[in-house]
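Notes follow the structure.
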Protein chains: 2
Amino acid sequence: MNKLSQSYGFLLGKVLQQMEGKFADTLSPFNIDARQYGVLLFVQDKPYSSQKIIADRLQIDRTTMVTHVDHLETLGFVERTKNPNDRRSYSLMITDKGNSVLDSCWEFLTDTESEVLSPLNEQEKQLLKDMLIKVWSSL
Amino acid sequence: MNKLSQSYGFLLGKVLQQMEGKFADTLSPFNIDARQYGVLLFVQDKPYSSQKIIADRLQIDRTTMVTHVDHLETLGFVERTKNPNDRRSYSLMITDKGNSVLDSCWEFLTDTESEVLSPLNEQEKQLLKDMLIKVWSSL
DNA sequence: CAAAATAATCAGTTAAACTGATTATATAAT
DNA sequence: ATTATATAATCAGTTTAACTGATTATTTTG
């Protein structure tokens with residue numbers, strides 16, 4: 001076994017590359033990518049969030065967030081309303097259409113994850129998730 | 001805990017994003033990125049490989065591989081020589097300079113990985129590596 | 001009230017990977 | 001042996017995603 005295929009960066013990247021390709025199969029019919037799906041999930045979970053909040057939590061560039069939200073708004077998946085307590089920012093809300101897209105895709109996306117991680121048993125998958133959450137929480 | 005921060009795709013992506021940012025600090029003084037470092041590691045491990053072989057093994061697009069190798073060759077880190085058994089392909093060889101770049105960076109890169117994964121203990125890190133290798137091997 | 005900070009946006013740039021076509025060489029089929 | 005097919009590498013041009021730096025509107029601080 002060589003250095004490259006022992007390195008975390010390489011391994012994480014290749015596993016992710018595989019997943020993202022398959023995610024795209026599910027999401028492209030809805031004209032969004034995995035990051036936009038993530039933003040939509042965030043807005044569903046934390047309604048009234050501002051773009052700044054989402055950008056910070058998801059570590060997405062502020063200007064990139066603008067284009068993501070523009071896109072989701074154009075598709076009618078989220079709505080921007082001015083936050084009355086701070087009119088510089090928007091309160092984002094997911095729409096019924098947005099909710100239905102999340103629902104339509106969720107099972108396919110988790111199936112994709114399971115498919116890619118199929119060499120692992122249930123216990124290992126849970127362990128992997130726990131470890132990744134532990135690491136992500138510390139960032 | 002919400003759906004997003006429970007999803008493997010999201011978690012893998014964010015952990016990787018963190019690592020790649022730090023890898024860049026180590027590698028940019030040498031004017032290469034993590035993928036080019038990976039190609040260089042591959043060539044060190046499997047000398048005489050063709051671009052096609054590397055592209056297949058590392059799942060990198062063939063034309064992207066051309067630019068990676070162009071770049072590494074320009075920097076004097078690899079050499080292209082025509083394979084006498086199949087003059088369509090090159091045999092790539094790492095140079096002394098290439099070896100020395102690999103050596104100079106390796107410790108910093110593995111330290112970066114450890115730093116990002118620092119919430120995990122040694123046993124967990126090994127377990128994570130084993131699981132990622134298991135998944136990657138199946139792809 | 002004036003100055004500094006913040007949220008969102010915009011125009012323009014950079015960077016990475018991809019598409020499709022081309023050249024040189026090798027392999028397979030008749 | 002000759003023709004047709006396949007392969008490795010390359011090139012020009014496109015696409016895509018994210019980033020930089022400046023601007024506007026609004027809020028907070030001094």
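Residue numbers start from 1 in every chain, and the chains themselves are labelled A, B, ... in the order their sequence lines are given, proteins ahead of strands. Atom set for the values below is all heavy atoms of this structure, side chains included, hydrogens, waters and symmetry mates excluded.
Atom-to-atom, CE of A/Met65 to C1' of C/dA8 comes out at 12 Å; the value is rounded to the nearest Å. Atom-to-atom, CD of A/Glu73 to C1' of C/dA8 comes out at 12 Å; the value is rounded to the nearest Å. Protein atom CD1 of B/Ile32 is 16 Å distant from nucleotide atom C1' of C/dA16, rounded to whole Å. Taking atom CD on A/Glu20 and atom C1' on C/dA16, their separation rounds to 14 Å, with Å as the unit. The CG-P distance, from B/Leu27 to C/dA16, rounds to 12 Å in whole Å. Taking atom CG of residue B/Asn85 and atom C1' of nucleotide D/dT7, one finds them 16 Å apart after rounding to whole Å. Taking atom CZ of residue B/Arg80 and atom P of nucleotide D/dA9, one finds them 9 Å apart after rounding to whole Å. Taking atom CG on A/Asp86 and atom P on C/dA8, their separation rounds to 8 Å, with Å as the unit.
A chain of hydrophobic side-chain contacts below 4.5 Å, direct or via other Ile, Leu, Val, Met, Phe, Trp or Tyr residues, connects B/Ile133 to B/Val135.
Below the 3.5 angstrom threshold, one finds a donor paired with an acceptor across the side chain of B/Arg88 and the base of D/dT7.
Looking only at atom types and distance, the side chain of B/Asp130 has a donor-acceptor partner in the side chain of B/Gln126 under 3.5 Å away. For the residue pair A/Ser5 / A/Asn2, a side-chain donor-acceptor distance below 3.5 Å is found, with atom types taken as modelled.
Classified by interplanar angle (parallel below 30°, tilted 30° to 60°, perpendicular above 60°), the ring pair B/Phe10/A/Trp136 is perpendicular.
For A/Arg87, counting side-chain heavy atoms from C-beta on, the closest listed nucleotide (D/dT10, C/dA7, D/dT26) is D/dT26.
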Letter per nucleotide, 5' to 3', of nucleotides 11-22 of chain D [B base touched, S only sugar-phosphate touched, - untouched; heavy atoms, 4.0 Å]: B-----SSBBBB

Stepwise salt bridge (charged side-chain N to carboxylate O under 4.0 Å, His left out) check, B/Lys97 with B/Glu79: CA-CA 11 Å; B/Lys97 203 169 163 193; B/Glu79 276 174 16; over 6 Å; no

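When the shell of 6.0 Å around CG of B/Asp96 is examined, it contains 12 or fewer heavy atoms from other residues, nucleotides or ligands.
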